[in-house]
Amino acid sequence: MVVSLTHLTEQERVRAMGRFDMLRPFLEEDVELFQIAHQHQVSLRTLRRWVQRYHHEGLVGLSRRRRADRGERRRVTSDLQQFIEGLALQTPPLSVAVIHRKTCELAQQHDIKPPSYGLVYDIVRQLPPALTTLAHHGSKAYNQRYDLLHRREAEAPNEIWQADHCLLDVLLVREGQTPAKPWLTVVIDDYSRAVAGYFLTFDAPSALNTSLALRQAIWRKDEPRWHICGIPQILYTDCGLDHRIGHPMVIRQNSK
C-alpha cells in the first residue's frame, strides 16, 4: 500500500521534516554523511538507512516506523528536558541542531544516554507558541498577537485610528551615503484597516514623523481612490516619547 504524508500523524510529519533538514546538506550540497553524523551525534549507519528510505519512499520514509509501543513517548530526565526547553527559549533563537549538540554534550558529562535528534526536535516544537513568541520577540509582539483583553474594535470609520512605527527589513541605496533601512510611520483606521497616512524616512522615530503621517491622514488626498481622511475620535499610540505630539485632539495611549 502506498502511504502519503496525509496518512501520517502530525508528530510523524514533523519528525520526517526534521530528518530531512538534517539530510539536506548531503542531498543538496554534497556534504559527506560522516560530517553530518559528527555534527548531530547520529550514527552513520542510521543516516545511511534514512537516505535509502528517502530515495525509495520520499519524505514518508523518514517518518518513524510504527511500533508496538506507539503512543508511548520515549522520555528524558526532567532536568534534561528543562535544559532543552531553556535553550529553545534563548534569544537569539538557536537551531535544533545546536540544541541537540549541546544537550548531547551535557548528557555525556553526566553519563546519561544522549537523546535522539528527533526527540529534541519534538520537545522544542511542542513548546507553546505564545511562550516562544514572548521569549524570542518580546512582550510587545506577544501582546499584539495574544493579548485579547486590549483589542479594540471600532464601529464606524474615523472612530479609532492607530499610529505606530516599523523599521522596514530592506536596504535602500542613498546617494553619497551607505545603504540603510528606512523607518515607516503608519496611521491606520481601525474600522476599515485602511492606511490613512504614512511617512517614510531614514531618521529614527520622532514626534515629527508622527505629526507628518497624521497630517497626511487628516487631509483629503489627491489620489481619487484614496478616500480616507478627516479627524478621528480617538488616536491610539504606544507610550513612546516620539508619539507625544501635543495635538489638540483627544489622544489615548495604550498601557503597554
Side-chain angles (χ1 to χ4, degrees), residues 3 5-139 141-142 145-146:
V3 179
L5 286 174
T6 57
H7 292 90
L8 301 179
T9 65
E10 179 65 23
Q11 186 177 16
E12 288 170 335
R13 287 195 293 268
V14 169
R15 183 174 298 106
M17 290 305 302
R19 291 176 176 177
F20 176 76
D21 288 340
M22 192 187 305
L23 295 175
R24 189 191 298 271
F26 171 78
L27 298 172
E28 300 179 358
E29 303 172 14
D30 296 327
V31 176
E32 296 293 339
L33 276 181
F34 74 87
Q35 296 179 346
I36 299 176
H38 177 74
Q39 177 183 356
H40 297 287
Q41 300 295 310
V42 178
S43 70
L44 187 59
R45 180 179 178 182
T46 297
L47 292 179
R48 287 171 176 165
R49 184 171 66 252
W50 289 353
V51 171
Q52 185 179 20
R53 289 181 182 175
Y54 176 76
H55 286 316
H56 283 83
E57 305 174 50
L59 285 174
V60 175
L62 296 180
S63 63
R64 185 169 58 183
R65 300 298 185 183
R66 303 197 176 199
R67 310 177 313 183
D69 60 348
R70 178 173 173 263
E72 297 180 7
R73 177 179 172 180
R74 291 169 293 175
R75 297 180 178 275
V76 296
T77 64
S78 59
D79 290 341
L80 206 57
Q81 179 165 341
Q82 290 177 8
F83 179 76
I84 295 171
E85 293 173 345
L87 291 177
L89 296 175
Q90 284 189 5
T91 302
L94 302 176
S95 68
V96 178
V98 172
I99 296 174
H100 179 251
R101 184 178 68 250
K102 291 179 176 293
T103 303
C104 290
E105 292 173 354
L106 179 66
Q108 291 172 355
Q109 294 173 7
H110 293 81
D111 294 327
I112 302 173
K113 182 180 178 180
S116 66
Y117 179 91
L119 182 54
V120 173
Y121 190 92
D122 287 346
I123 293 174
V124 173
R125 289 298 178 264
Q126 289 179 10
L127 286 171
L131 183 61
T132 56
T133 298
L134 179 61
H136 296 159
H137 304 291
S139 58
Y142 173 86
R145 184 171 300 181
Y146 297 103

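Keep in mind that what you see is a predicted model, and the values were worked out from it rather than measured.
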dist Leu127:CG -> Glu85:CD (nearest 0.5 Å) comes out at 5.0 Å
Nearest atoms (heavy-atom pairs only) where Val14 meets Tyr121: CG1-CE2, 2.7 Å
Nearest heavy-atom neighbours spanning Pro115 and Cys104: O-SG, 4.0 Å
For residues Phe20 and Leu27, report the shortest heavy-atom separation together with the two atoms involved. CE1-CD1, 3.8 Å
Could you grab the distance from atom CD of Glu105 to atom CD of Gln108, nearest 0.5 Å is fine? 7.5 Å
Within the structure provided, determine whether Arg48 and Gln52 are in side-chain contact (heavy-atom separation under 4.5 Å). no
To the nearest 0.5 Å, how far apart are CG in Leu33 and CZ in Phe26? 4.0 Å
Quick one: side chain to side chain donor-acceptor pair (under 3.5 Å) pairs with a partner in residues 91-100, sequence neighbours left out? none
Would you say that Val42 contacts Ile36 through its side chain, given a criterion of any heavy-atom pair below 4.5 Å between the two side chains? no
Any chance you could measure Ile99, atom CD1, to Ile84, atom CD1, to the nearest 0.5 Å? 8.5 Å
First locate atom CG of Leu23, then atom OH of Tyr54, and finally report the distance between them rounded to the nearest 0.5 Å. 9.0 Å
For Val76 and Thr103: C-alpha separation, side-chain torsions, deciding distance, then whether side-chain contact (heavy atoms from CB on, under 4.5 Å) applies. CA-CA 11 Å; Val76 296; Thr103 303; over 6 Å; no
Suppose the criterion is salt bridge (Lys or Arg N to Asp or Glu O under 4.0 Å): which pairs have a residue in residues 25-38, not counting sequence neighbours? Arg24-Glu28
So does His55 have more than 12 non-hydrogen atoms from other groups sitting under 6.0 Å from NE2? yes
Does any donor atom in the side chain of Gln35 or Gln39 lie under 3.5 Å from an acceptor atom in the other side chain? no
Under 3.5 Å, is there a donor-acceptor pair between the side chain of His137 and the main chain of Thr133? no
Once rounded to the nearest 0.5 Å, what's the spacing between atom CZ of Arg53 and atom CZ of Arg19? 7.0 Å
Taking the side chain as every heavy atom from C-beta outward, state whether Leu47 and Met22 have any pair of such atoms under 4.5 Å apart. yes
Can you list the residues that meet the side-chain hydrogen bond (donor to acceptor under 3.5 Å, both in side chains) rule with Thr46, with sequence neighbours excluded? Ser43
